[in-house]
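Okay, structure first, notes after.
Since the model is a prediction, treat every value here as computed from it, not as a measurement.
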Amino acid sequence: MAGCAAILGGGIGGLTVANHLIRHGWDVTVFERSPGPPTTGTALGMWPQAMAALDAAGVGDGVRQLGTLQRRAAFLRPDGSVIGRVDSTRRTAYLISRPALLGVLLDGMPADVVRFAEPAPDLATLAEFDVVVAADGTRSATRDFLFGARYRPTYAGMTAWRGWIPGEAASVTETWGPGGLFGITPREGGLVNWFAAVRSPADSPGGLDFLRARFGDWHQDIRKILEQVGPDVVLHHDLYESPALPSYVRGNVALIGDAAHSMAPNLGRGACEAMVDAVTLGRLLTERAVPDALGRYDRARRRPTRRLVRASHLVGRVATAERWIGLRDSVVGLGSRFA
Ligand SMILES: Cc1cc2nc3c(=O)[nH]c(=O)nc-3n(C[C@H](O)[C@H](O)[C@H](O)COP(=O)(O)OP(=O)(O)OC[C@H]3O[C@@H](n4cnc5c(N)ncnc54)[C@H](O)[C@@H]3O)c2cc1C
């Protein structure tokens with residue numbers, strides 16, 4: 001079945017559903033408020049479900065070519081000693097930067113599908129479209145309009161920094177200390193990607209000086225990054241989580257990705273789930289009439305993504321625990337042997 005779709009937001013979820021629908025003969029228009037594709041952004045982990053979604057959208061091989069395959073990860077203490085290691089052929093992930101991922105998604109479609117520098121129009125003006133996909137991210141104006149301000153994501157209790165430096169990282173590490181964590185991952189283009197998060201009140205200030213003071217006595221891989229990094233490549237954001245929405249659908253509008261279920265990044269699943277939403281919705285729309293497809297999309301995706309919002313929050317609290325650290329490390333060390 002083919003029809004026409006308006007997609008509000010040309011980020012990860014929006015461009016994935018656009019690719020999927022276009023491959024199945026749909027007429028698609030994407031409204032994206034940014035003037036063009038992003039040129040900066042850090043690496044995202046694409047888990048197997050996300051790779052399967054990218055394959056269904058026709059762009060998986062592009063990500064495999066550009067991304068870096070990761071099989072190994074280690075959880076460390078601030079002094080560099082190992083809490084646990086994961087070395088698995090089953091749980092592989094491709095690491096790819098946001099600009100590279102969006103570039104692959106854009107290359108998969110005709111150039112005129114995405115209207116850059118065009119904010120989403122009012123829903124009332126989109127009556128000619130069979131379906132509207134709200135993929136406008138954590139601060140979704142579409143969600144606010146349809147469900148009201150009480151369903152806005154709330155502060156997750158943690159603030160995060162991301163950046164990159166030239167160099168190479170052999171594998172993924174995440175270092176857990178009281179109240180904070182610091183991650184290092186490979187990234188395409190001869191770069192090392194890093195991220196940090198600490199428990200703190202919302203809107204706390206935190207420049208490079210803060211980061212150097214907070215993590216400056218952690219192990220030497222972290223110290224090296226903090227010495228090299230410049231202030232122009234430090235992205236700082238508070239982390240937000242969605243409350244449970246009563247539905248991901250209203251009329252002919254479907255919410256996908258962070259618009260529906262913003263989650264803390266501790267499981268590295270937000271972008272992955274946006275892509276799984278996108279191809280689940282795309283597949284249903286190509287097989288069924290719109291009302292039936294949207295109802296099934298909501299039933300298929302709301303529960304699992306709610307569980308992930310809760311699980312990501314829990315993992316963030318465990319990784320930045322301030323008490324019971326010895327016990328936590330023993331449990332994680334034991335668990336990682338079976339991962
Ligand atoms: C520190 C950190 C690390 C992360 N690491 C990972 C990871 O390793 N793996 C992973 O899977 N996820 C990760 N995530 C999560 C991931 O970045 C998000 O979940 C993902 O980007 C959500 O995709 P989306 O398409 O829903 O929203 P976005 O990618 O945010 O796209 C929304 C788009 O809508 C546009 N838009 C907004 N409003 C309007 C409007 N009114 N009109 C038109 N356009 C509009 C925006 O400009 C944007 O392009 C991480 C997040 C953070 C904060």
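Partners of Phe210 according to the ring-ring contact (aromatic ring centres under 6.0 Å, His included) rule, which considers only residues two or more places apart in sequence or in another chain, are Trp161. Every residue two or more places apart in sequence or in another chain was checked for a ring-ring contact (aromatic ring centres under 6.0 Å, His included) with His237, and none qualifies. With sequence neighbours left out, the side-chain contact (heavy atoms from CB on, under 4.5 Å) criterion links Glu118 to Phe31, Arg115. With sequence neighbours left out, Asp55 forms a salt bridge (charged side-chain N to carboxylate O under 4.0 Å, His left out) with Arg64.
Using cut-offs of 30° and 60° for the angle between ring planes, the His24 and His20 rings count as parallel.
In this structure a side-chain-to-backbone donor-acceptor pair under 3.5 Å is missing from Asp122 to Ala124. Counting only distance, with no hydrogens or angles, the side chain of Ser140 and the backbone of Asp136 share no donor-acceptor pair below 3.5 Å.
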Contacts table for residues 243-259: side-chain donor-acceptor under 3.5 angstrom, sequence neighbours left out:
from   : atom 1 : to     : atom 2 : distance (Å)
Ser247 : OG     : Val249 : N      : 2.9
Ser247 : OG     : Val249 : O      : 3.0
Tyr248 : OH     : Thr305 : OG1    : 2.8
Asn252 : ND2    : Phe129 : O      : 3.4
Asn252 : ND2    : Asp130 : O      : 3.2
Asp258 : OD2    : Thr138 : OG1    : 3.3

Taking only distance into account, with no hydrogens and no angle test, what donor-acceptor pairs under 3.5 Å do side-chain atoms of residues 167-187 form with protein atoms, sequence neighbours excluded?
from   : atom 1 : to     : atom 2 : distance (Å)
Glu174 : OE2    : Trp176 : NE1    : 3.0
Thr175 : OG1    : His219 : NE2    : 2.9
Thr185 : OG1    : Asn193 : ND2    : 3.4
Arg187 : NH1    : Gly41  : O      : 2.9
Arg187 : NH2    : Gly41  : O      : 3.0

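Between the side chains of His313 and Glu241, at least one donor N or O lies within less than 3.5 Å of an accepting N or O.
In this structure, SG on Cys272 lies 10.0 Å from CG on Leu308, to the nearest 0.5 angstrom. With rounding to the nearest 0.5 angstrom, the CG atom of Asn19 is 9.0 Å from the CG atom of Leu54.
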